[in-house]
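To start, the structure itself, in structure tokens.
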Amino acid sequence: NFGTVETIPEAFDREYLSPVQIGTPPQTVNLNFDTGSADLWVNTNETPENQQNGQVEYNPTLSSTAKKMEGATWDITYGDGSASSGIVYTDVVSIGGVTVQSQAVESAQQVSSSFQADAASSGLLGLAYGTINTVQPVQQKTFFENAMNDLASPLFTVNLMKQAAGSYDFGYINASEYTGEIQYTPVDNSRGFWGFNPSGFQVGNSSFNASSWYAIADTGTSLLLLPSGMVDIYWSAVSGAKFDALQGGYTFPCNTTLPSFTFGVEEYRGVIPGHFMNYAAITKTTCFGGIQSSDALGFSIFGDVALKAQFVVFDGGDNTLGWANK
Ligand SMILES: O[C@H]1CN[C@@H](c2nc(-c3ccc(C(F)(F)F)cc3)no2)C1
């Protein structure tokens with residue numbers, strides 16, 4: 001079978017939320033789909049009231065198909081230091097009409113302050129490889145891994161948009177969502193991520209700089225995080241741009257016209273329009289850049305700033321990533 005679900009951007013395209021049905025009768029919660037992690041966790045009736053800010057909850061006691069996974073716990077920390085932990089149930093989970101009968105659903109008994117403040121999001125749905133799922137003592141599979149063998153094609157596609165509704169499609173490729181040909185490239189999943197090797201980059205209409213490095217496709221990261229050498233070259237082309245240690249990255253005068261950023265995947269060239277690199281206004285006149293250094297992380301992240309300019313195929317059958325402009 002196959003299905004599609006809409007994904008809606010929060011402010012600044014900081015994150016994208018999609019409706020997920022859990023339990024019997026179905027309870028709908030909006031989750032942040034994250035191709036950079038592998039836990040499906042959600043606010044529940046077990047999440048302390050003082051750690052919530054109006055989030056919609058999943059209540060397993062109201063689901064006739066919920067089963068507690070005795071002795072199972074989970075504990076996760078994200079790239080920005082946010083964290084959550086708790087216990088585990090299995091229940092029926094559906095996304096866009098694709099149903100997994102027994103999906104590990106992780107109930108949050110503790111969430112850190114940033115999650116507490118994120119009122120619109122009821123949790124995360126991991127779409128990375130299950131090898132990095134945090135459930136103990138028995139590691140659990142992701143929704144996609146559980147659904148994959150029943151899908152028409154063993155893949156899902158990501159079509160994020162700048163400040164507009166996009167979609168996650170499961171089991172099929174919708175040709176109306178992209179232009180040109182899809183460029184497939186092998187995935188390095190040795191660290192549990194959808195890792196790949198970009199082949200270079202280009203700022204605006206200048207020449208293409210061939211270079212090969214490791215990066216991951218991560219819908220849960222807002223920005224495009226690249227080696228500082230590339231980031232310095234990009235911002236050196238923007239008059240008034242400067243590295244602001246207080247803000248933790250490059251800022252620039254909001255009224256500046258920004259050059260596009262093009263990345264290579266083998267012979268393919270993915271183009272990110274210049275205005276996608278304006279992440280958010282810090283003051284009336286100073287804006288924070290959407291392309292920043294990944295040096296502190298040790299690997300590059302193609303987050304939403306890049307992904308919202310692309311149509312991306314995550315193929316779990318042959319472990320490849322497909323890239324296309326749109
Ligand atoms: O860990 C890596 C895996 N993918 C990246 C990711 N980061 C988050 C995240 C979401 C929401 C928040 C909060 F709401 F602000 F708390 C914080 C982090 N989700 O995926 C980084």
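Indexing begins at 1, ligand by ligand and atom by atom, following the structure's order.
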Suppose we measure from [atom] to each protein heavy atom; which comes out shortest, and what is that distance?
atom: atom 19 (N) of ligand 1; result: L124 CD2, 3.4 Å
atom: atom 5 (C) of ligand 1; result: D218 OD2, 3.2 Å
atom: atom 11 (C) of ligand 1; result: F115 CE2, 3.4 Å
atom: atom 1 (O) of ligand 1; result: G79 N, 2.9 Å
atom: atom 6 (C) of ligand 1; result: G220 O, 3.2 Å
atom: atom 17 (C) of ligand 1; result: D80 OD2, 3.1 Å

Problem set entry | Test side-chain contact (heavy atoms from CB on, under 4.5 Å) applied to A120 - qualifying residues, sequence neighbours left out |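 Here the qualifying residues are E10, L17.
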
Exercise. Looking at F299, Y214, Y129, which hits ring-ring contact (aromatic ring centres under 6.0 Å, His included) with F193?
Worked result: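 Per the ring-ring contact (aromatic ring centres under 6.0 Å, His included) rule, the option paired with F193 is F299, out of F299, Y214, Y129.
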
For this session: Look only at interatomic distance and state if S82 has a nitrogen or oxygen under 3.5 Å from any nitrogen or oxygen of ligand 1.
Result: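 No, no N or O pair falls under 3.5 Å.
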
Exercise. Considering distance alone, does some N or O of D34 sit under 3.5 Å from an N or O of ligand 1?
Worked result: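 Yes; at least one N/O pair falls below 3.5 Å.
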
Quick one: [atom1] on [X] to [atom2] on [Y], what's the gap to the nearest 0.5 Å?
X: Y184; Y: I182; atom1: OH; atom2: CD1; answer: 4.0 Å
X: T221; Y: D304; atom1: OG1; atom2: CG; answer: 7.5 Å
X: T61; Y: Y89; atom1: OG1; atom2: OH; answer: 8.0 Å

Using a strict cut-off of 4.0 Å, indicate which atoms of ligand 1 neighbour a heavy atom of [X].
X: N32; value: 10 (C)
X: G36; value: 3 (C), 4 (N)
X: D118; value: 14 (F)
X: T221; value: 5 (C), 21 (C)

Exercise. So which bit of T35 gets within less than 4.0 Å of ligand 1, heavy atoms only: side chain, backbone, both or neither?
Worked result: neither

Donor + acceptor pair across side chains of [X], [Y] (<3.5 Å):
X: N209; Y: Q202; answer: no
X: D39; Y: S37; answer: no
X: S167; Y: E6; answer: no

For this session: Go through the structure and list residues passing ring-ring contact (aromatic ring centres under 6.0 Å, His included) with Y16, not counting sequence neighbours.
Result: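 Y16 satisfies ring-ring contact (aromatic ring centres under 6.0 Å, His included) with no residue once adjacent residues are dropped.
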
Seminar exercise, completed: Nearest heavy atom to atom 13 (C) of ligand 1, choosing from A119, S113, S114, belongs to S114

